[in-house]
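For reference, the structure discussed in these notes is given below.
Every chain is numbered from 1, with letters handed out A, B, ... down the list of sequences. Source: prediction; values computed, not measured.
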There are 4 protein chains.
Amino acid sequence: MKGSNTKDQIIAEASKLFLDEGYEMISMRKIATKVGCSPTNLYRHFQNKEDILLVLLERGYSVFLSYIQQAIDQNKELEFRIKLKQALKSYVNFGLENKEYYQLMFIRNFEHFDRVVIGESDRMKGFNLLANLIQEGMEKGLVKGDIEVISQSLWGLIHGITSLLITFKNSFHWTNEQSLIDFHVDTYLKGLLK
Amino acid sequence: MKGSNTKDQIIAEASKLFLDEGYEMISMRKIATKVGCSPTNLYRHFQNKEDILLVLLERGYSVFLSYIQQAIDQNKELEFRIKLKQALKSYVNFGLENKEYYQLMFIRNFEHFDRVVIGESDRMKGFNLLANLIQEGMEKGLVKGDIEVISQSLWGLIHGITSLLITFKNSFHWTNEQSLIDFHVDTYLKGLLK
Amino acid sequence: MKGSNTKDQIIAEASKLFLDEGYEMISMRKIATKVGCSPTNLYRHFQNKEDILLVLLERGYSVFLSYIQQAIDQNKELEFRIKLKQALKSYVNFGLENKEYYQLMFIRNFEHFDRVVIGESDRMKGFNLLANLIQEGMEKGLVKGDIEVISQSLWGLIHGITSLLITFKNSFHWTNEQSLIDFHVDTYLKGLLK
Amino acid sequence: MKGSNTKDQIIAEASKLFLDEGYEMISMRKIATKVGCSPTNLYRHFQNKEDILLVLLERGYSVFLSYIQQAIDQNKELEFRIKLKQALKSYVNFGLENKEYYQLMFIRNFEHFDRVVIGESDRMKGFNLLANLIQEGMEKGLVKGDIEVISQSLWGLIHGITSLLITFKNSFHWTNEQSLIDFHVDTYLKGLLK
DNA sequence: TATGAATGAGTATTCATTCAT
DNA sequence: AATGAATGAATACTCATTCAT
């Protein structure tokens with residue numbers, strides 16, 4: 001009828017496997033076995049292994065952007081501090097709710113794959129949404145400093161907590177996730193704003 | 001000193017290769033070629049490929065701890081804020097000056113390798129040095145809150161900026177590194193400290 | 001006429017591909033892509049890949065025989081030397097004007113394909129037309145010697161120049177084709193005929 | 001001690017297989033099986049499949065040149081006609097005594113393999129030895145015409161009989177090989193000389 | 001301290017072909 | 001008359017590793 005079911009299955013299994021064991025450790029055979037089809041059949045749906053990753057990344061970026069955009073849209077009319085905080089939390093939540101995507105998009109670096117560079121601009125789009133917010137804060141006199149420095153620092157702030165929670169999710173004793181994130185963002189914003 | 005020269009060469013070449021192309025992409029043959037010896041010879045010095053990584057991680061943790069410890073020792077007598085800031089900056093500098101180690105220790109996750117778990121306690125030691133500092137700040141009344149939450153947030157803060165600078169060192173236009181780090185830490189500490 | 005258009009297209013594309021890259025290098029998928037249909041569809045028109053080759057060879061032999069026969073018919077009443085020369089030139093021209101067929105029929109050897117043996121008798125028919133001519137020459141007292149030896153030598157003569165011109169058409173600097181062939185045949189016939 | 005025995009074995013088995021079934025039909029596995037070693041081991045001795053072919057061709061060209069050169073050297077002082085005939089027969093004999101080499105060098109065309117082009121110049125060397133002989137004949141007034149045309153025609157003469165005897169060795173009833181070759185060359189030379 | 005020879009298991013990928021529609 | 005989905009078997013090649021020397 002609509003999209004092939006197998007293709008979706010492949011994406012689902014591949015993203016799980018890629019996160020759990022790493023892209024290079026996963027063979028087409030392993031994916032096929034999980035999906036329950038022949039390795040050959042994977043090539044009906046994707047040009048090659050890299051192509052699976054590419055499609056995965058594209059989906060990831062699209063979901064990512066919708067997270068950020070939605071947070072900004074929903075809090076349009078609210079106070080700047082709240083709007084900014086919600087956007088930052090949205091970023092972290094995207095990561096925690098989509099660990100596979102986050103890892104592939106922001107922790108691993110696939111730029112040596114030529115075709116993956118496409119994704120770069122998508123990563124940029126998300127970054128720019130953040131930068132625009134900061135710009136707004138500066139215009140309102142709530143934020144001071146170099147907009148590039150501030151944006152990059154903010155990215156570091158939220159990437160740090162997100163990636164740690166993903167990478168060491170099992171090997172470190174984390175306090176309650178949401179309080180940690182709240183504290184993290186609040187503390188930084190207390191220093192940044194006004 | 002003691003260890004053979006070849007062994008050091010192997011570690012040097014392996015760590016470069018592991019960072020540049022990823023642990024899984026590097027074969028024993030590639031390492032041997034770089035070192036200029038036979039693949040077989042690697043096995044005289046290391047049990048297997050995983051063992052090279054293990055030794056590498058051990059060295060990395062040792063260097064890492066010395067960075068943090070030194071920062072704390074050197075600023076023992078200074079104001080708490082400065083001491084803390086220097087410790088945090090030390091962490092970041094360790095990463096930037098030892099990108100290979102940092103990536104293997106904090107960005108990649110090798111916990112599926114049984115023997116690597118040993119390293120966990122070393123990572124913990126570094127974390128505890130930080131936590132002790134916070135403890136000191138709390139005792140002095142300069143910091144308030146849950147010590148675990150604060151330590152983890154602080155780790156997120158500095159891991160974020162460090163890992164971004166390493167992972168996307170070529171594919172993102174960064175502002176001046178040191179000013180960025182200064183701003184990053186200062187802003188957060190402004191919010192954290194009394 | 002009768003056969004579907006697709007079947008002709010398949011034969012046309014397949015023979016080009018087989019010559020350019022070799023029978024083994026060409027996959028059903030490549031043929032299908034060139035034709036612009038699905039690989040599956042090839043099997044509606046041919047039993048399998050070998051069958052495509054077989055049909056191709058059959059067509060080739062039929063064209064081949066018509067070349068030789070026509071040369072003989074058209075020069076029936078002329079002097080023997082001219083008749084023979086025209087027949088020989090016809091052979092060469094068949095090759096040069098049908099390089100794909102010539103290569104498959106006379107340069108490659110597909111006798112390990114059971115079904116291809118059928119073609120053998122066709123190759124024989126062409127050979128026999130030549131032998132008959134020689135027979136005629138012997139009866140007229142113009143040619144002397146063992147008819148088998150002469151026929152085989154003649155075949156070698158024209159096969160040599162034809163196959164070289166086809167196989168090394170790009171990698172050797174040939175003089176003018178037709179003068180070369182004329183010289184080739186004339187020189188030999190000068191030695192052969194009375 | 002001297003050269004690895006396995007390498008020679010590989011070359012021996014590969015050349016047989018390449019002739020019998022064709023380069024493309026032969027897999028590394030098949031070669032390894034014949035040799036009695038693992039497929040992997042082939043890669044210790046050759047970079048890849050193409051490299052086996054390349055080494056084979058190089059050996060072939062070297063043997064080929066020695067055949068021709070020897071014939072010329074040995075008959076240096078003899079009458080031109082005999083010298084030329086011996087050179088031509090040498091060419092044919094090289095083919096018949098080294099069918100695998102001849103097929104790979106003169107019947108198949110591997111020029112789409114970049115590295116094989118090297119061989120081109122070697123093929124040229126053999127051709128030039130022939131051309132030089134003709135040149136000598138022309139200087140002695142025994143041969144008349146365009147030297148290029150004559151050389152190419154001569155090549156066609158001997159390639160034709162050689163390649164037919166190799167390609168259709170089993171599927172055609174040949175008269176006695178040596179008488180056929182003698183007749184073939186003699187007839188042509190009768191037309192060519194004086 | 002080092003290496004050349006070797007291998008079993010694995011890699012991504014392509015093959016000719018079939019089947020249900 | 002044609003196709004999309006699928007596959008088992010094969011392809012060239014690379015892997016980490018071992019063993020005899």
(request) Round to the nearest Å and state the distance from C/Q9 atom CD to F/dA2 atom C1'. (result) 14 Å

(request) Check the distance between E/dT11's C1' and D/M28's CE and give it to me in whole angstrom. (result) 16 Å

(message) Using OP1 and OP2 only, check whether a side-chain N or O of B/H45 sits under 4.0 Å from E/dA2.
(response) yes

(request) Determine the stems involving DNA chain F; a stem requires 3 or more consecutive pairs of the Watson-Crick or G-U wobble kind, each with both distances below 3.5 Å, and the answer is none if no such run exists. (result) E:2-21 with F:2-21

(request) Specify the residues of residues 30-42 of chain D, ordered by number, for which at least one heavy atom lies under 4.0 angstrom from an atom of DNA chain E. (result) D/C37, D/S38, D/T40, D/N41

(request) Please figure out whether D/K49 or B/K49 has its closest DNA chain F nucleotide nearer the 5' end. (result) D/K49

(message) The criterion is side chain to side chain contact (heavy atoms under 4.5 Å, CB included); which residues satisfy it with C/N109, sequence neighbours excluded?
(response) C/E111, D/T167, D/F168

(message) Under the salt bridge (Lys or Arg N to Asp or Glu O under 4.0 Å) definition, can you give me all pairs with a residue in residues 38-48 of chain C, not counting sequence neighbours?
(response) none

(request) Side chain of B/Y43 only, please: which of F/dC13, E/dA12, F/dA16 is the nearest? (result) F/dA16

(request) Just jot down the side chain to side chain donor-acceptor pair (under 3.5 Å) partners of A/S15, sequence neighbours excluded, or say none. (result) none

(request) Round to a whole Å and report the spacing from NZ of A/K7 to P of F/dG4. (result) 14 Å

(request) Please tell me if the side chains of B/M28 and B/I52 come closer than 4.5 Å, counting only heavy atoms from C-beta onward. (result) yes

(message) Going by the rule salt bridge (Lys or Arg N to Asp or Glu O under 4.0 Å), which residues pair with D/R59 if we only count those two or more places apart in sequence or in a different chain?
(response) D/D8

(message) Distance check, rounded to the nearest 0.5 Å: D/I31 atom CD1 versus D/L42 atom CG?
(response) 6.0 Å

(request) Please work out which residues in residues 14-27 of chain B have a non-hydrogen atom less than 4.0 Å from an atom of DNA chain F and list them by number. (result) B/I26, B/S27

(request) To the nearest Å, give me how far apart CG (C/N48) and P (E/dT18) are. (result) 8 Å

(message) Holding to side chain to side chain contact (heavy atoms under 4.5 Å, CB included), I want the full list of residues that pass it with C/S27, two or more places apart in sequence or in another chain.
(response) C/R29, C/K30

(request) Grab the CZ-C1' distance between B/R29 and E/dT11 for me, whole Å please. (result) 15 Å

(request) Provide, to the nearest angstrom, the distance between the CZ atom belonging to A/F46 and the P atom belonging to F/dA6. (result) 12 Å

(request) Compare side-chain N and O positions of C/T6 against OP1 and OP2 of F/dA2 and report whether any pair is under 4.0 Å apart. (result) yes

(message) Could you tell me how far apart B/Q47 (CD) and F/dT17 (P) are, to the nearest whole angstrom?
(response) 10 Å

(request) Please name all residues satisfying side chain to side chain donor-acceptor pair (under 3.5 Å) with C/N41, sequence neighbours left out, ordered by chain then number. (result) none

(request) Could you tell me the separation between the CZ atom of D/R44 and the C1' atom of F/dA16, rounded to a whole number of Å? (result) 15 Å

(message) If I take atom CG from residue B/N48 and atom CG from residue B/L53, how far apart are they, to the nearest 0.5 angstrom?
(response) 10.0 Å

Would you mind writing out the side-chain donor-acceptor pairs for residues 16-26 of chain A within the sub-3.5 Å range, not counting sequence neighbours?
| unit_1 | atom_1 | unit_2 | atom_2 | d |
| --- | --- | --- | --- | --- |
| A/Y23 | OH | A/E50 | N | 3.3 |
| A/E24 | OE1 | A/R108 | NH1 | 2.9 |
| A/E24 | OE2 | A/R108 | NH2 | 2.8 |

(message) Rounded at 0.5 Å granularity, tell me how far CD1 in B/I107 sits from CD1 in A/I107.
(response) 8.5 Å

(request) Kindly indicate, with the supporting measurements, whether the criterion side-chain contact (heavy atoms from CB on, under 4.5 Å) is fulfilled by D/F46 and D/I11. (result) CA-CA 10 Å; D/F46 299 90; D/I11 291 195; 3.7 Å; yes

